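Structure record follows, encoded as structure tokens.
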Number of protein chains: 2
Amino acid sequence: MTAPRRAVLRALARAQRPLSVEELHERAKAQHARLGLVTVYRTLQVLEELGLVRRIHEQGACRSFAASSPGHSHAITCERCDKSSEFNGDDVCLLTGAIERKTGYRVSGHWLQLVGVCPSCRKSGAER
Amino acid sequence: MTAPRRAVLRALARAQRPLSVEELHERAKAQHARLGLVTVYRTLQVLEELGLVRRIHEQGACRSFAASSPGHSHAITCERCDKSSEFNGDDVCLLTGAIERKTGYRVSGHWLQLVGVCPSCRKSGAER
DNA sequence: GTCGTAATTGAAACTAGTTTTCAACTACGT
DNA sequence: ACGTAGTTGAAAACTAGTTTCAATTACGAC
């Protein structure tokens, strides 16, 4: 555990929304000025393997990352402010039985990404 | 609707698994020899907007595409042979209520990608 | 505290993937 | 057959991500 890695972790932990590698680099440099972009990539790779970070899949590319709690969970991202939260994913597991029956596949894994409007944007913005 | 586009569509329609842009280019060239890679990119973009093609999101990058039927559905990909199928996604919509209560977000969209073992691989391979 | 080793770092070079540019070409309605 | 708007492919430009390598750093053994 080195200073550069701590800087990346800290920037990720503080973020309220998924960050691209570039953004993360910018922010983490506040903690550790001579941090290299390469180290951000490498640190993310390690953290992803450890399950501490999740990649956020979006429409086109999938280049953003967010901190993730251990255990089975999914992310929901606000379409207005990009803020990202997690929720427990056990409900989804209940669906696998139905899906196995429908498709004939044996389901071994899944992931789900949700988009919505977060509570504070619901208050401030016009309700649809 | 031009010959190059037809070639791309045809290669996609025939594929039993998601294809990368390169693979698609290779296969579509069988129909239209001097097809440019750029055209494949452009055609995919158009088809994606029309909802005829879906991007398959995988562990690391998300670079494969598969034909998709219109309407709300999700993809499931076989982890052994990569074959990809679709299924109706109405079940998942039932979850949004529970998720809205849990997170406070208003859910406006989602997508789900599943991984599993397809029927024919289940037969041939050793059952776990 | 000092030493040694193995892992980590950052810069630069490199590769892969994707987009833009632009002149030539093609589909399609007139 | 003609005109026009949209499409095409090659090359160049660009972006994201990876590899290489010498210098640096963490950390356990002494």
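These numbers come from the heavy atoms of this one structure, side chains and all, not from hydrogens, waters or symmetry mates. By convention in this document, chain letters (A, B, ...) are assigned in the order of the sequence lines, proteins followed by strands, and residues within each chain are numbered from 1. A quick note: this is a predicted structure, and the numbers were derived from the prediction, not measured.
The base of D:dG17 has none of its N or O atoms less than 3.5 Å from a complementary donor or acceptor on the side chain of A:R42.
Both A:R63 and A:T2 lie close to DNA chain D; mapped to their nearest nucleotides by heavy-atom distance, the more 5′-ward contact belongs to A:R63.
Residue A:H32 contributes atom NE2, which lies 8 Å from atom C1' of C:dT9 at whole-angstrom precision. Note: CG (A:L35) to C1' (C:dT9) measures 9 Å, nearest angstrom. Taking atom CD of A:E26 as the reference point, atom P of D:dA16 lies 13 Å away to the nearest angstrom. Rounding to whole angstrom units, CD of residue A:Q45 and C1' of C:dA7 are separated by 15 Å. With rounding to whole Å, A:L9 atom CG is found 15 Å from C:dT8 atom C1'. Between the NZ atom of A:K29 and the P atom of C:dT9 there is a distance of 16 Å, given to the nearest Å. Atom CE in A:M1 sits roughly 10 Å away from atom P in C:dT8 (whole-Å rounding). Straight-line distance from the CG atom of B:L37 to the P atom of D:dG9: 10 Å, rounded to whole Å.
In this structure the side chain of B:R122 never reaches within 4.5 angstrom of the side chain of B:R80, judged on heavy atoms. For the pair B:S108 and A:V115, the minimum side-chain heavy-atom distance is below 4.5 Å.
Put simply, A:R34 has no side-chain N or O that comes within less than 4.0 Å of OP1 or OP2 on D:dA23.
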Would A:E23 and A:R17 satisfy salt bridge (Lys or Arg N to Asp or Glu O under 4.0 Å), going step by step from the backbone distance to the final call? CA-CA 11 Å; A:E23 287 172 321; A:R17 63 178 182 82; 2.9 Å; yes

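A distance below 6.0 Å separates the ring centres of A:H74 and A:H110.
The only member of A:V53, A:L37, A:L44, A:T43 that meets side-chain contact (heavy atoms from CB on, under 4.5 Å) when paired with A:L24 is A:L44.
Residue A:Y41 has its side chain nearest to D:dT18 when only D:dG9, D:dT7, D:dT18 are considered. Of the listed nucleotides (D:dT8, C:dT18, C:dA11), C:dT18 has the atom at the smallest distance from the side chain of B:V21.
The residue A:H25 sits apart from the nucleic acid: no heavy atom pair falls under 4.0 Å.
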